[in-house]
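A short worksheet on the structure shown next.
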Amino acid sequence: MASKTKTTPLDSVANLSKIEDQFETLQILNEEGEVVNEAAMPDISDEQLQELMKRMVYTRILDQRSISLNRQGRLGFYAPTAGQEASQLATQFALEKEDFILPGYRDVPQIIWHGLPLSQAFLWSRGHFEGMNIPEGVNVLHPQIIIGAQYVQTAGVALGMKKRGAKSVAITYTGDGGTSQGDFYEGINFAGAYKAPAIFVVQNNQFAISTPVEKQTAAKTLAQKAVAAGIPGVQVDGMDPLAVYAATRQARERAINGEGPTLIETLTYRYGPHTMAGDDPTRYRTADLDNEWEKKDPLVRFRKFLEKKGIWSEEQETEVIEKAKEDIKEAIKTADAAPKQKVTDLMSIMYEEEMPQNLKEQYEMYKAKESK
Amino acid sequence: MAQMTMIQAITDALRTELGNDPNVLVFGEDVGVNGGVFRATEGLQKEFGEDRVFDTPLAESGIGGLAVGLALQGFRPVPEIQFFGFVFEVFDSIAGQLARMRYRSGGRYTSPVTIRSPFGGGVHTPDMHADSLEGLMAQTPGVKVVIPSTPYDAKGLLISSIRDNDTVVFLEHMKLYRSFRQEVPEGEYTIPLGKADVKREGTDVTIVTYGAMVHESLKAAEELEKEGYSAEVIDLRTVSPLDMETIIASVEKTGRAIVVQEAQKQAGVAANVVAEINDRAILTLEAPVLRVAAPDTVFPFPQAETVWLPNYKDVIETAKKVLTF
């Protein structure tokens, strides 16, 4: 904890500026799909680049279909993801299967790509608790609803991995609003104190429902909040899949080498509403701002980049789109076939141990009700 | 067998389970080198190492999150919340997260976490240290709430709590930590959760209670005996879920009951016990079921504490109302 003793006049503002000025935005691909920072280019094969593009295209279609299924009443809770594909999918793409994801409520795509069947994601959206009955071997937790709670839990999962001597990391996500929570600070601070292998992602999509990030904090960047916890913080262009991937990959390397957690702020934007439950973004965002961000679109710039490299074509894209539509159709069918949720099922899973007496009695009551 | 105080019995239980199961982890504020502010973890870090018994940064929600995450990695966390008045800082982890882990994951993930914490009045603590907040916990399905009243019970119940695959909030009354010694067996033994204990048999009135009030109730029972009344004292030991079988068997025998708690009267465990007795045994009652509880204010500063806390005289007074109804 030792710090240097000051020998010059106090200038607290200068101290802050010195810190804030060091937080620059990492960008590798610009909006035209040109590499602008060769030095930061991650080690990634053409096949991996194609795979990442496929996932982004697929997830954009999944978002469009989910919105329309929600409007038809065929899905329940849904938080749109378009615009955030690079931020969500390139972070997940930098992981290994043994890494554990603790998502926020908008982070369903990451856990799908980490192994959660699409049909289960749909069941979860419909409010069926089999939705997040995660298959064995898939290392994810259900999406967190309490903003920030996943941050403190991530410190625990990561500490557990460290105690087990596992070469894996725990990664979690929150938004710009989430960085105002006490749990945000407690999570990064605990993980820092234990040098736990954690990656904390802040997807700064500029608005916490309607509240702009400027009203959320006096901090110039959200990445700099890492400084207080004594851990590295980086800000990346969250519309640039390569910058996001590079930063996450580096954070992962550090983590598994025992060097502790990293905070990654991705500058991104959600094109749609906060959720499909009645949010109207025109109340708090201008069309100009929407347009400005849509020009930064991750799919557009990545497509340009891959096309220039000669490893992406319209046919490939069409193929992915068709596959996505087909998968979604199938997954909805599977979800439709799931048995109806019962109160007695809920009672049965409340405790691992034997049901308490009161619940046993209530179980009999509801069994009779539900068999009518 | 050794004579132990409750705090020694608790340390002994922790030592036993740290020794039995490599997945048991003990952590919290000052639990390491310092052995906890009440010395509940005295010597455990030295014996089991910093990997198993460790200090946390000073943040209760962080401690709760750590427990959730470590449980997800297959550990059996036993975090300490330094004083239960600080539970509000970790309430989301308990009621919002641990209690709901199984339902949210369709039964896939469980949280075998035992949260230990001192609570209770009569020891002149600063504000927010002494409140009886078990009623808040008891209204949280998915969490079990255990409160021992003796050293013997404390050890057996704590071992059972740690071994239980569900989340247990284990509350230790500060006044009982060193108030008396009792024979406590060496090594392991368990006392089942969710089972009440008849601490004194009687035939005229049932006194249902828990925690420090067990001792006030036993004292009251002795006094009542002198006046010719035979009181049965039931120690709930687990306040959620309730052991209604033991309570009803007793009430059916005595026909009269009172419920004694240190917590404020409004809502809470005693109200629940009264309602359950009414639901299940109203026709066997010779008198209404009355309560002895603290008044419906916040827990007072030490100057007003002694009068505020229920004591054996209140128990006698209320028992007599029921006995002479």
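For the numbers below, each heavy atom of this structure counts, side chains included, while hydrogens, waters and symmetry mates do not. Every chain is numbered from 1, with letters handed out A, B, ... down the list of sequences.
- Annotation: the span from I101(A) atom CD1 to D107(A) atom CG amounts to 9.0 Å, rounded to 0.5 Å.
- Options D345(A), V152(A), L346(A), T154(A) differ in how many heavy-atom pairs under 4.5 Å they form with chain B, and the most are formed by V152(A).
- Separation of atoms OH (Y194(A)) and CG (D55(B)) is listed at 7.5 Å; rounding is to 0.5 Å.
- Judged by the 6.0 Å distance and 45° axis criteria, R126(A) is not positioned over the aromatic ring of F77(A).
- Between K162(A) and P197(A), the closest heavy-atom pair is CB-CD, 3.9 Å.
- Salt bridge E98(A)/K167(A): absent, no basic N to carboxylate O contact under 4.0 Å.
- For E186(A), the part lying under 4.5 angstrom from a heavy atom of chain B is the side chain only.
- Interface summary for chain A: among D243(B), V68(B), L193(B), the most heavy-atom pairs under 4.5 angstrom belong to V68(B).
- Within the 4.5 angstrom heavy-atom criterion, only backbone atoms of L242(B) (N, CA, C, O) approach chain A.
- Heavy atoms of T167(B) lying under 4.5 Å from chain A are absent altogether.
- For L159(A), the parts sitting under 4.5 Å from any heavy atom of chain B are the backbone and the side chain alike.
- Heavy-atom distances place the side chain of F100(A), and not its backbone, under 4.5 Å from chain B.
- Ranked by heavy-atom pairs under 4.5 Å with chain B, the list Q153(A), E130(A), M350(A), M161(A) is led by Q153(A).
- Note on S93(B), P241(B), A59(B): by heavy-atom pairs under 4.5 Å with chain A, the leading option is A59(B).
- Each of N358(A), I146(A), D183(A) has some count of heavy-atom pairs under 4.5 Å with chain B, and the biggest count is that of I146(A).
- Using a 30° and 60° split on the angle between ring planes, F129(A) and Y103(B) fall in the perpendicular class, above 60°.
- Taking the charged nitrogens against the carboxylate oxygens, D153(B) and K199(B) do have a contact shorter than 4.0 Å, which makes a salt bridge.
- If you measure heavy-atom distances from A155(A) to chain B, the contacts under 4.5 Å come from both the backbone and the side chain.
- No donor-acceptor contact under 3.5 angstrom links the side chains of Q144(A) and Y173(A), judged on distance only.
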Practice problem: Start with the C-alpha gap between F200(A) and V202(A), add the side-chain angles, then the distance that decides, and say whether side chain to side chain contact (heavy atoms under 4.5 Å, CB included) holds. | Solution: CA-CA 7 Å; F200(A) 296 100; V202(A) 174; 5.9 Å; no
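- In this structure, the portion of L72(B) lying under 4.5 Å from any heavy atom of chain A is its side chain and not its backbone.
- Q357(A) touches chain B through its side chain: at least one heavy atom from C-beta onward sits under 4.5 Å away, while N, CA, C and O do not.
- Using a 4.5 Å cut-off on side-chain heavy atoms (C-beta onward), F170(B) and I162(B) make no contact.
- With a 4.5 angstrom heavy-atom cutoff, A71(B) does not touch chain A via any of its atoms.
- Both the backbone and the side chain of E136(A) come within less than 4.5 Å of a heavy atom of chain B.
- Within the 4.5 angstrom heavy-atom criterion, no atom of V90(B) approaches chain A.
- If you measure heavy-atom distances from S105(B) to chain A, the contacts under 4.5 Å come from both the backbone and the side chain.
- For E89(B), no part sits under 4.5 Å from any heavy atom of chain A, backbone or side chain.
- There is no contact between Q120(A) and chain B, counting heavy-atom distances below 4.5 Å.
- Using a 4.5 Å cut-off between heavy atoms, D51(B) contacts chain A through both its backbone and its side chain.
- The side-chain heavy atoms of Y363(A) and M355(A), taken from C-beta on, include a pair separated by under 4.5 Å.
- Looking only at atom types and distance, the side chain of Q203(A) has no donor-acceptor partner in the side chain of E265(A) under 3.5 Å away.
- Within the 4.5 angstrom heavy-atom criterion, no atom of Y151(A) approaches chain B.
- For R280(B), the part lying near chain A is the side chain, with the backbone staying farther off; criterion is any non-hydrogen pair under 4.5 Å.
- Taking the centre of each ring, H274(A) and Y105(A) come in below the 6.0 Å mark.
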